[in-house]
Number of protein chains: 2
Amino acid sequence: MTKRATRRRGAELEDALLRAAADELAESGYAGLTMDRVARRAGTNKNALYRRWPDRLALGIAAYRLLAKSFQPPDTGALREDALETLRLANRHWSSPLGAILRELMAAAGSAQELLAQLSDRSADTTAATWLLILGRAVARGEAHPEALHPRVATVAIDLLRNEFVTRGAPTAPDEVLREIVDEVYLPLVRARGSVTERG
Amino acid sequence: MTKRATRRRGAELEDALLRAAADELAESGYAGLTMDRVARRAGTNKNALYRRWPDRLALGIAAYRLLAKSFQPPDTGALREDALETLRLANRHWSSPLGAILRELMAAAGSAQELLAQLSDRSADTTAATWLLILGRAVARGEAHPEALHPRVATVAIDLLRNEFVTRGAPTAPDEVLREIVDEVYLPLVRARGSVTERG
DNA sequence: CAAAATAGGGTACGGCTAGTACCTAATGAG
DNA sequence: CTCATTAGGTACTAGCCGTACCCTATTTTG
């Protein structure tokens with residue numbers, strides 16, 4: 001704790017706090033993210049934290065967002081490869097330490113939709129926009145039925161993988177699971193979409 | 001805490017403890033489930049708990065299982081109705097206070113597959129067996145393609161709903177979401193399953 | 001440039017919880 | 001009757017969140 005030459009304020013201090021929180025989060029997970037340690041790591045004390053975030057969870061989420069990386073959707077020219085590649089990316093993310101942290105935060109957020117939203121939005125690889133883009137290109141190539149261009153349908157693959165992630169533990173889903181999702185569910189679904197009203 | 005005439009032991013005491021834990025869980029959720037309160041409610045102390053369950057989480061899961069109800073798959077004679085009915089049931093469960101508790105427990109279980117398994121197995125409405133049964137009958141009636149009789153495919157509907165439950169907060173998914181899952185995804189998928197290898 | 005307002009820093013504390021230790025008392029088996 | 005087992009009582013450690021209080025550096029402003 002060497003005295004600092006000049007006292008940090010405002011954005012500078014806030015960055016340092018967030019950085020410290022993110023580091024602690026990466027090292028110890030949300031369970032190990034304690035306000036005291038974050039403050040100490042940033043070279044200050046809890047007051048600075050509580051002036052900016054209402055509680056530990058809010059700080060945790062903010063720090064997680066700092067850790068989450070940005071993402072470019074693939075464009076391999078084939079729907080199957082685009083989908084697999086995007087799933088693999090998400091799978092890697094969820095299977096990494098970050099995935100475990102995400103679990104903890106989602107858990108802690110409980111039913112607070114507002115906070116949950118801040119978590120789901122991360123990692124564009126899971127958003128509807130990404131999948132609509134991928135699928136849109138596939139439709140243009142004639143690989144998928146235009147009817148499938150609907151968020152509920154377009155995101156089925158990632159939704160199923162997320163479900164795997166949630167119900168199984170965090171460890172990486174084998175590539176076979178990804179292929180199953182794509183080959184057994186996603187591709188059949190977007191290719192041959194029979195009209196719903198065809199029968200009853 | 002009036003002295004009991006006779007001191008409870010073994011199974012009798014264990015039941016009382018579990019009952020007390022389940023009641024506390026129902027009243028206060030997992031966050032409010034404290035060992036001291038459970039012990040006091042059962043008219044004993046923490047020793048009795050720690051002799052039986054290694055920690056709070058294990059007790060919480062055991063108590064949750066006590067609360068989870070059993071379930072009979074519907075048989076309405078139409079796949080669409082069977083699926084919708086089963087989804088509605090799960091939706092009610094997940095939207096009830098029990099659903100919130102399940103969230104907390106899944107969160108606390110983190111990546112411990114062993115514990116997670118104890119949670120997913122509950123409520124037969126979410127298991128593969130149930131969906132294979134429903135779908136099997138549909139195949140027999142000619143409502144679904146035999147190829148669809150595969151766990152990954154059969155459980156798609158409930159998997160998607162679980163995903164809703166996890167990413168949104170707990171509040172009940174509107175019936176429209178359920179219908180969307182069934183009409184836009186599930187039925188098209190199980191009816192017209194194009195061969196996967198048809199293309200690449 | 002002085003004074004007032006603002007924000008950072010240090011420290012301590014209340015209240016709560018998990019889990020452990022240790023001892024006494026009831027119970028049941030042989 | 002004896003003894004091993006198990007229940008009950010109580011106290012304790014250690015950790016954490018969130019808050020309060022007061023002092024000090026920096027900035028603002030008059």
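The sequence lines fix the lettering, A, B, ..., with proteins before strands; numbering per chain opens at 1. Side chains are part of it too, since the values below use all heavy atoms of this structure and drop only hydrogens, waters and symmetry mates.
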Can you tell me which residue pairs pass the salt bridge (Lys or Arg N to Asp or Glu O under 4.0 Å) test with a partner in residues 87-98 of chain A, sequence neighbours excluded?
A/E85-A/R88, A/R88-A/D175
Taking the nucleotide of DNA chain D with the closest heavy atom to each, which residue, A/N47 or A/R37, is nearer the 5' end?
A/R37
Using a cut-off of strictly less than 4.0 Å between a heavy atom of the residue and any atom of DNA chain D, enumerate the qualifying residues of residues 19-29 of chain A by number.
none
Looking at residues at least two apart in the chain, or sitting in another chain, which of them share a side-chain hydrogen bond (donor to acceptor under 3.5 Å, both in side chains) with A/T34?
none
Taken in chain and number order and not counting sequence neighbours, the residues that satisfy side-chain hydrogen bond (donor to acceptor under 3.5 Å, both in side chains) with A/E27 are A/R41
Between atom [atom1] in [X] and atom [atom2] in [N], what is the gap in whole Å?
X	N	atom1	atom2	value
B/E12	C/dA26	CD	C1'	14 Å
B/R40	D/dT10	CZ	P	13 Å
A/M35	C/dG14	CE	P	21 Å
A/N45	C/dA7	CG	C1'	12 Å
A/L49	D/dC16	CG	P	14 Å
A/K46	C/dG8	NZ	P	17 Å
B/L33	C/dC16	CG	P	17 Å

Of all residues at least two apart in sequence or in a different chain, which pass the side chain to side chain contact (heavy atoms under 4.5 Å, CB included) check with [X]?
X	result
A/A157	A/L87, A/W131, A/I181, A/Y186
A/A78	A/T76, A/E81, A/E143
A/E164	A/L161, A/R168, A/V177, B/R152

Residue list, salt bridge (Lys or Arg N to Asp or Glu O under 4.0 Å) with [X], at least two apart or on another chain:
X	result
A/R56	none
A/E14	A/R52
A/D15	none

Is A/T44 near enough to C/dG8 that one of its side-chain N or O atoms lies under 4.0 angstrom from OP1 or OP2?
no
Over 60° means perpendicular and under 30° means parallel, so classify the ring planes of A/F165 and A/W94, tilted if in between.
parallel
Quick one, which residues of residues 50-62 of chain B touch DNA chain C with a heavy atom under 4.0 Å?
B/Y50, B/D55, B/R56
Looking only at C/dG9, C/dG10, D/dT10, the nucleotide nearest the A/L13 side chain is C/dG9
Candidate nucleotides C/dG9, D/dC16, D/dG8, ranked by approach to the side chain of A/T34 - the nearest:
D/dC16
Could you tell me whether A/D23 and A/R19 make a salt bridge, using a distance below 4.0 angstrom between a side-chain N and a carboxylate O?
yes
Each nucleotide N or O in nucleotides 28-30 of chain C that has a protein N or O under 3.5 Å away: list the pair and distance.
none

